Amino acid sequence: MPDSQPAADATPSDATPSDATPSDDVSGGTADLGDLVIVVAGAGGAAGPPLVTRLARAGATVVALDTSQGRLDEVVADARAASGSDRVEGRVVDLLDPTATADLAADVHARHGRVDGLAHLVGGWRGGVHLAEEPLEDWDWLHDLLVRTLIHTSRAFHDTLRASPRGRLVVISTVQAQAPVATNAMYAAAKAAAEAWTLAVADSFAGTGAAAVILPIKALLTPAMREAEPDAAFDGFTDVADLADTIHDLWLRPARDLNGKRIS
């Protein structure tokens, strides 16, 4: 269930490395995440492949989640080829099924002994219609993808993230959650609910090395979009490669600087 919005939601943060010390190079990049296990939910969407590759290049063990085996096979193969790392794996799971999600989280923890990150990229978009006219079915669909999957994954991985010295829950949101408009009311409301849940997780992480972070964006920009419209300005859009760098850098910053923050 990757984010299918024509262009999803967040500008790169002002993330700057902390005093973390990078280790040996991994395919041209520093292995600054070399001891971490990071789960990427919605890895087959627009933002997923560049993030999986970026984390693998940094030395992390990456567990990519999606509902499609075909998408996962492509993401994993590309990330392994680009990073030179074999520490990338794909797992098919329906995150709308709380039991399946909990079982997967338990299995990942049992196999790797820890989980240090959950990047929640699952999403979707419906809108463009005035709130008085948009079908109520859109709300059910948006709530499932934007809220319910986040609830299931964050609950399933909560304890192992909280126990990690550098645990991170990363949620992609939209600027509309704070400034909704009538033609995207249901989408904005669902994203606002996801933000509220993330802030509640942040509260549960207080006093630990873990952090729950919200990255609000306007729209995502992919290589395919640039290729299709090479002369377009794409004002305010966030390049998926820049977003991957921003997410990577969250593990290099202290939890106290991140927990419960909207980084825009």
Side-chain angles (χ1 to χ4, degrees), residues 1-17 26-30 40-58 60 62 64-68 70-85 88 90 119-129 138 142 145-146 170-181 183-184 187-188 190-191 213-250 262-264:
M1 289 165 291
D3 197 324
S4 59
Q5 186 184 0
D9 0 353
T11 41
S13 78
D14 56 353
T16 54
V26 174
S27 296
T30 55
V40 178
L51 178 59
V52 172
T53 297
R54 181 67 182 91
L55 297 175
R57 281 178 172 158
V62 186
L65 309 182
D66 202 86
T67 56
S68 166
R71 282 196 300 263
L72 278 178
D73 289 344
E74 184 175 353
V75 169
V76 170
D78 289 349
R80 288 178 174 177
S83 66
S85 171
V88 183
H120 191 271
L121 308 182
V122 182
W125 178 81
R126 287 182 182 176
V129 180
D138 284 2
L142 288 164
L145 291 181
L146 305 182
V170 186
V171 176
I172 308 302
S173 189
T174 174
V175 295
Q176 292 186 38
Q178 299 295 310
V181 296
T183 53
N184 271 325
Y187 174 74
K191 282 292 191 181
V213 188
I214 299 165
L215 301 182
I217 66 174
K218 174 184 176 181
L220 287 179
L221 177 59
T222 67
M225 292 167 62
R226 283 194 185 277
E227 184 177 354
E229 299 184 73
D231 298 326
F234 294 110
D235 291 336
F237 284 49
T238 299
D239 191 289
V240 290
D242 293 335
L243 180 61
D245 286 339
T246 295
I247 295 175
H248 161 276
D249 290 352
L250 296 175
R262 300 176 83 251
I263 299 176
S264 58

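These numbers were taken from a predicted model, which means no experiment stands behind them.
- Not one N or O on the side chain of Lys191 forms a donor-acceptor pair closer than 3.5 Å with the backbone of Pro216.
- Between atom CD of residue Gln176 and atom CH2 of residue Trp125 there is a gap of 9.0 Å, rounded to the nearest 0.5 Å.
- Atoms CG and NE2, from Leu55 and His248 in turn, are 7.0 Å apart once rounded to the nearest 0.5 Å.
- Residues satisfying the side-chain contact (heavy atoms from CB on, under 4.5 Å) test with Ala241, not counting sequence neighbours, are Asp239.
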Worksheet entry | side-chain contact (heavy atoms from CB on, under 4.5 Å) between Leu220 and Phe237, worked out | CA-CA 5 Å; Leu220 287 179; Phe237 284 49; over 6 Å; no

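- If you take CG on Asn184 and OG1 on Thr174, they are separated by 8.0 Å, rounding to the nearest 0.5 Å.
- Closest heavy-atom contact between Ala244 and Pro50: CB-O, 3.7 Å.
- Between atom CD1 of residue Ile263 and atom CG of residue Asp249 there is a gap of 10.0 Å, rounded to the nearest 0.5 Å.
- Pairing each heavy atom of Gly42 with each of Leu121, the nearest pair is O-CB, 4.1 Å.
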Practice prompt. For side-chain contact (heavy atoms from CB on, under 4.5 Å), just list the numbers for Ile172 and Ile247, CA-CA rounded to whole Å, side-chain angles, deciding distance to a tenth of an Å, and then say yes or no.
Written response: CA-CA 10 Å; Ile172 308 302; Ile247 295 175; 4.1 Å; yes

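- The two residues Ala82 and Thr53 make their nearest non-hydrogen contact at CB-CG2, 3.7 Å.
- The backbone N or O of Arg126 lies less than 3.5 Å from no partner atom in the side chain of Asp138, so there is not a single donor-acceptor pair.
- Note: Ser264 OG to Gln178 CD = 10.0 Å, rounded to the nearest 0.5 Å.
- When all heavy atoms of Ala56 and Val88 are compared, the closest pair comes out as CB-CG2, 3.7 Å.
- When side chains are defined from C-beta on, Val240 counts as touching Pro223, because their heavy atoms get closer than 4.5 Å.
- Checked against side chain to side chain donor-acceptor pair (under 3.5 Å), Arg262 has the following partners two or more places apart in sequence or in another chain: Glu195.
- Side chain of Asp66 to backbone of Ala41: no donor-acceptor contact under 3.5 angstrom is found.
- Among all heavy-atom pairs drawn from Leu145 and Gly124, the shortest one is CD1-CA, 4.2 Å.
- In this structure a side-chain-to-backbone donor-acceptor pair under 3.5 Å is present from Ser68 to Arg71.
- Here the shortest heavy-atom pairing between Leu146 and Ala190 reads CD1-CB, 3.7 Å.
- Separation of atoms CZ (Arg54) and OG1 (Thr246) is listed at 10.0 Å; rounding is to 0.5 Å.
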Practice prompt. Show your working on side-chain contact (heavy atoms from CB on, under 4.5 Å) between Thr183 and Val129 and close with a plain yes or no.
Written response: CA-CA 5 Å; Thr183 53; Val129 180; over 6 Å; no

Practice prompt. Kindly indicate, with the supporting measurements, whether the criterion side-chain contact (heavy atoms from CB on, under 4.5 Å) is fulfilled by Leu215 and Val213.
Written response: CA-CA 7 Å; Leu215 301 182; Val213 188; 4.1 Å; yes

